[in-house]
Structures are given as C-alpha cells and as structure tokens.
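One structure is given here, and the rest of the page talks about it.
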Amino acid sequence: MPTPSGHDTPRRTVHVIDRSGWGTSGAYPAIRALTLIWACLTCQGPRGIPQKHRFHEDGDWFTCDRWDNPCGHVDMYVSVLNESRKG
Ligand SMILES: [Zn+2]
C-alpha cells in the first residue's frame with residue numbers, strides 16, 4: 001500500500017468494533033473501518049502493528065483489528081471511534 005509523502009506520522013486503516021448501537025434498537029456490534037493517525041493519543045508514540053482478530057458473537061463472525069502499543073498505553077475502541085469522528 002503506498003504511503004502518502006509529506007506526513008511525519010503514518011496513517012493506518014483498521015477495523016474496530018462499534019458498540020454505540022447497544023442500548024438502542026440496533027443492539028448489535030458493528031465493524032467500522034477507520035483511518036487513524038497511527039500515534040498513541042496519550043504520548044504520541046507509535047502504535048503497535050494491528051493483528052486480525054476473529055470472534056463469534058450473536059451467531060455471527062466478526063473480524064476486527066487489535067494492537068498493543070509499544071509504549072504500554074491501551075487504545076480503547078471507543079477512544080479511536082471518537083478520534084475518527086473528530087476528524
Ligand atoms: Zn502511549
């Protein structure tokens with residue numbers, strides 16, 4: 001995949017679980033594709049390499065990405081969803 005030049009911080013497209021429909025009529029996990037600046041929100045250090053994670057829920061299979069940041073800060077899915085909504 002080509003990397004855009006002129007940016008110091010790489011971006012990655014990852015798939016995360018969006019449970020914001022829970023508690024409403026759409027009580028179902030949704031997989032969202034997000035393109036994020038690949039830096040930790042807490043310390044701006046590089047995030048870890050995403051790994052595909054497949055799981056079973058409510059009779060369906062879902063695939064999302066999970067990553068561990070080398071800095072030790074944990075990215076919650078709700079945080080990265082908020083990050084992408086802010087643009
Ligand atoms: Zn960090």
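In each ligand, atom 1 is the first atom listed, and ligand 1 is the first ligand listed.
- We find that R66 and D75 are not joined by a salt bridge, their nearest charged nitrogen and carboxylate oxygen being 4.0 Å or further apart.
- Under the 4.5 Å side-chain criterion, counting only non-hydrogen atoms from C-beta, T63 is not in contact with H15.
- By the 4.0 Å N-to-carboxylate-O rule, E83 lies too far from R32 to be salt-bridged with it.
- Excluding water, every protein N/O/S atom under 2.8 Å from the Zn ion (ligand 1) is given here by residue and atom: C40 SG, C43 SG, C71 SG, H73 ND1.
- By the 4.5 Å side-chain criterion applied to Ile, Leu, Val, Met, Phe, Trp and Tyr, V78 is assigned to a cluster that also includes V74, M76.
- At least one donor-acceptor pair closer than 3.5 Å links the side chain of W38 to the backbone N or O of G48.
- Cation-pi geometry between R54 and W61 is met: the NZ or CZ atom falls under 6.0 Å from the ring centre, inside 45° of the normal.
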